[in-house]
Amino acid sequence: MNTIITIGRQFGSAGHEIGQLVADHYGIKCYDKELLARSAKESGFCEEMIRQQDERPTNSFLYNLVMDTYSFGYNASSYVDMPMSQKVFLAQFDTIRKIADEGPCVIVGRCSDYALSERKDVLNLFIHASEQFKINYIMKRFSDIDTPDKARDFMNKKDKQRQSYYNYYIRYRRLGKTHHTACG
């Protein structure tokens with residue numbers, strides 16, 4: 001198998017677990033949260049900052065200004081005037097492309113389908129589930145979410161966050177706003 005598999009997912013649909021099962025079946029690596037650590041290492045950003053920005057877009061000038069103080073080493077001249085959220089996104093985008101260049105793998109989330117859209121060796125999957133499955137899954141996975149209403153609220157919030165992140169960065173890239181050579 002010489003294919004990179006990307007997995008988009010609804011929150012609570014077990015997308016990570018499915019991605020890991022697919023990777024195990026084919027004997028290849030699965031990247032999800034591991035991608036964040038690698039992005040931090042390769043970009044020079046603080047890993048905690050990348051985790052805080054993970055799949056959460058923000059347009060807040062003040063937030064981006066404060067977060068800029070936490071970037072380490074990724075201050076190439078083309079990045080200086082770019083908000084921190086875009087810098088982190090581009091670091092992840094670059095890492096996704098590097099991972100795909102290394103060979104077959106499964107990549108969960110983080111706009112990986114779009115980051116690899118120009119490649120012909122990519123299979124994009126989207127994992128969804130019934131509302132009841134997702135509620136049960138979330139209640140089982142998170143000990144502090146102990147009612148279906150809390151699970152539903154959390155699920156809706158996370159899905160909106162993910163959708164907003166995806167739409168924001170895809171629109172941002174399509175408008176040609178990035179200055180990064182690897183992205184456009």
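Keep in mind the model is a prediction, meaning the values are calculated, not measured.
Atom NZ of K158 sits about 9.0 Å away from atom CZ of R9, to the nearest 0.5 Å. Taken to the nearest 0.5 Å, the CD atom of E48 stands 10.5 Å off from the CG atom of L36. Atom CZ of F154 is separated from atom NZ of K134 by 13.5 Å, given to the nearest 0.5 angstrom. We find the NZ-OG distance between K87 and S43 to be 11.0 Å, quoted to the nearest 0.5 Å. Taken to the nearest 0.5 Å, the CG atom of D149 stands 8.0 Å off from the CD1 atom of I135.
The aromatic rings of F89 and F93 are tilted relative to each other, their planes meeting at an angle between 30° and 60°.
Between S39 and A91, the shortest heavy-atom contact is OG-O, 3.9 Å. Closest heavy-atom contact between A37 and E47: CB-OE2, 3.5 Å. Nearest heavy atom pair, residue A115 against residue I96, reads CB-CG2, 3.8 Å. Shown here for C111 and Y166, the closest heavy-atom pair between the two residues is SG-CD1, 3.6 Å. For the pair C30 and A23, the tightest heavy-atom approach, listed with the atom from each and the gap, is CB-CB, 3.6 Å. In this structure, Y31 and C105 approach most closely via the heavy-atom pair CE1-CB, 4.0 Å.
Under the side chain to side chain contact (heavy atoms under 4.5 Å, CB included) rule, I107 has a single partner from I5, I7, D32, L35, which is L35. Results of the side-chain hydrogen bond (donor to acceptor under 3.5 Å, both in side chains) test with K150 over T147, D153, D146 single out D146 as the only residue that passes.
Hydrophobic clustering of Ile, Leu, Val, Met, Phe, Trp and Tyr side chains at less than 4.5 Å, counting indirect connections, keeps I138 apart from I127. In the hydrophobic clustering of this structure, I145 groups with F11; members are Ile, Leu, Val, Met, Phe, Trp, Tyr whose side-chain heavy atoms approach within less than 4.5 Å, directly or through other members. By the criterion of side-chain heavy atoms lying less than 4.5 angstrom apart, applied directly or through intervening Ile, Leu, Val, Met, Phe, Trp or Tyr residues, L21 is not grouped with Y26; the two fall into different hydrophobic clusters.
Counting only N and O atoms by type, the side chains of Y114 and N124 include no donor and acceptor under 3.5 Å apart. Between the side chains of Y137 and Q132, no donor N or O sits under 3.5 Å from an acceptor N or O.
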Could you give me the CA-CA distance, side-chain angles and deciding distance for K29 and V106, then say whether side chain to side chain contact (heavy atoms under 4.5 Å, CB included) is met?
-> CA-CA 6 Å; K29 286 187 173 187; V106 174; over 6 Å; no

List the steps and the verdict of side chain to side chain contact (heavy atoms under 4.5 Å, CB included) for V122 and T3.
-> CA-CA 6 Å; V122 176; T3 301; 5.8 Å; no

Intermediate values then yes/no, side chain to side chain contact (heavy atoms under 4.5 Å, CB included), R162 and Q10 = CA-CA 8 Å; R162 286 178 175 172; Q10 290 179 320; 5.9 Å; no

side-chain hydrogen bond (donor to acceptor under 3.5 Å, both in side chains) assessment of Q20 paired with D24 | CA-CA 6 Å; Q20 189 61 59; D24 291 347; 2.9 Å; yes

List the steps, then state whether side chain to side chain contact (heavy atoms under 4.5 Å, CB included) holds for I4 with L116.
-> CA-CA 9 Å; I4 289 74; L116 303 174; 3.7 Å; yes

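Under a 4.0 Å N-O distance rule, the pair D101/K98 does not qualify as a salt bridge.
Using a 4.5 Å cut-off on side-chain heavy atoms (C-beta onward), P104 and I28 make contact. Side-chain contact between I99 and R38 is present, with heavy atoms from C-beta onward closer than 4.5 Å.
In this structure a side-chain-to-backbone donor-acceptor pair under 3.5 Å is missing from S117 to D113. Checked by atom type and distance alone, the side chain of R110 pairs as donor or acceptor with a backbone atom of V108 at under 3.5 Å.
Counting non-hydrogen atoms of neighbouring residues, nucleotides and ligands closer than 6.0 angstrom, the CD atom of E34 exceeds 12 such neighbours.
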